[in-house]
Amino acid sequence: MAELTLDREYHAKGIQLLCGVDEAGRGPLAGPVFAAAVILPADKEIPGLNDSKKLSEKKREALYDVIRQEAYCVASASEAEIDELNILGATFLAMHRAVEGLSQVPELVLVDGNQDPRLGLPTETVIKGDGQSQAIAAASILAKVTRDRLM
């Protein structure tokens, strides 16, 4: 099981409202692309949390309900928006919508990957972040399960 310790490092630096962002649906190029934003309390540890691609469908479904008890938002960009903006632009649009839909404004946003979606908030990109950050892993699960349910 991965050690999702990155969040603890930021919480130790005094950042309490840490948001993880990830997407689902960029690879298949079928249907909309989804993004999720999740803020987990600093003292919250969710057992079994990991990159959504490393979990069974049953485990993702179980974690989905646990994660949804926290501050989160799932958003999407449509097929028409993908055609208009390209897949990367549509992914960033979905990420913007997810972060803007949160009930709290994060102090720092951790985005899975190496490209900054320019959210207008302090943001750090984290390559393979869904295996390092609880918040990104949680966002990964919400985005994937939501998209899977639609498809």
Side-chain angles (χ1 to χ4, degrees), residues 1-27 31-55 59-78 81-82 85-150:
M1 185 66 61
E3 272 295 315
L4 304 175
T5 59
L6 187 59
D7 298 27
R8 278 188 246 144
E9 294 173 24
Y10 284 103
H11 292 311
K13 294 176 184 176
I15 295 171
Q16 295 304 304
L17 294 176
L18 181 66
C19 175
V21 174
D22 201 3
E23 55 75 29
R26 228 175 115 177
V33 63
F34 282 83
V38 176
I39 298 173
L40 298 175
D43 60 351
K44 181 83 172 190
E45 296 240 357
I46 300 175
L49 199 60
N50 200 348
D51 173 358
S52 67
K53 295 177 290 303
K54 295 179 180 177
L55 299 172
K59 184 67 173 170
R60 284 192 304 267
E61 287 286 342
L63 287 167
Y64 178 87
D65 292 330
V66 173
I67 296 163
R68 290 183 60 230
Q69 296 172 23
E70 307 304 332
Y72 78 94
C73 181
V74 180
S76 65
S78 69
E81 290 169 322
I82 293 169
L85 301 170
N86 74 42
I87 188 62
L88 182 62
T91 299
F92 286 173
L93 177 61
M95 288 179 175
H96 277 262
R97 289 173 174 162
V99 171
E100 289 169 2
L102 289 168
S103 59
Q104 299 171 298
V105 177
E107 295 170 65
L108 177 64
V109 180
L110 301 179
V111 177
D112 185 47
N114 64 359
Q115 296 185 305
D116 185 349
R118 309 221 183 277
L119 299 167
L121 295 167
T123 302
E124 291 188 22
T125 59
V126 183
I127 297 170
K128 298 188 187 273
D130 45 8
Q132 299 178 56
S133 161
Q134 276 212 127
I136 294 175
S140 169
I141 291 166
L142 291 188
K144 174 127 180 71
V145 170
T146 302
R147 185 176 189 285
D148 286 353
R149 287 178 177 181
L150 175 79

Answer yes or no: is there a side-chain heavy-atom contact under 4.5 Å between [X] and [Y]?
X      : Y      : value
Glu70  : Ile39  : no
Tyr64  : Lys59  : no
Glu9   : Gln132 : no
Val111 : Val126 : no
Leu110 : Thr125 : no
Phe34  : Lys144 : no
Thr91  : Met95  : yes

If I compare all heavy atoms of [X] with all of [Y], which pair ends up nearest, and what's the gap?
X     : Y      : result
Cys73 : Leu102 : N-CD2, 3.9 Å
Ala35 : Ala98  : O-CB, 3.7 Å
Ala94 : Val33  : CB-O, 4.0 Å
Val99 : Pro106 : CG1-CG, 4.5 Å
Leu4  : Ser133 : CD2-N, 3.9 Å

**Item:** Expected output: side-chain Arg60 to main-chain Ser52 donor-acceptor under 3.5 Å
**Value:**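 At least one qualifying donor-acceptor pair exists.
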
Measuring from [X]:[atom1] to [Y]:[atom2], what's the distance to the nearest 0.5 Å?
X      : Y      : atom1 : atom2 : answer
Asn86  : Glu81  : CG    : CD    : 12.5 Å
Ile141 : Glu61  : CD1   : CD    : 10.5 Å
Leu40  : Ile46  : CG    : CD1   : 5.0 Å
Arg97  : Ser76  : CZ    : OG    : 6.5 Å
Glu100 : Leu119 : CD    : CG    : 8.5 Å

**Asked** Could you give all pairs that pass the side chain to side chain donor-acceptor pair (under 3.5 Å) test and reach residues 107-123, with sequence neighbours left out?
**Response** none

**Request:** May I ask you to check whether Tyr72 and Arg68 show a side-chain donor-acceptor distance below 3.5 Å?
**Result:** yes

**Request:** Count the heavy atoms of every other residue, nucleotide or ligand shown that sit under 6.0 Å from NZ of Lys53, and state whether that count exceeds 12.
**Result:** yes

Side chains of residues 15-23: which donor-acceptor pairs under 3.5 Å do they make with residues two or more places apart or in other chains?
unit_1	atom_1	unit_2	atom_2	d
Glu23	OE1	Arg26	N	3.4

**Prompt:** Can you check side-chain contact (heavy atoms from CB on, under 4.5 Å) on His11 and Asp43, steps first, answer last?
**Reply:** CA-CA 9 Å; His11 292 311; Asp43 60 351; over 6 Å; no

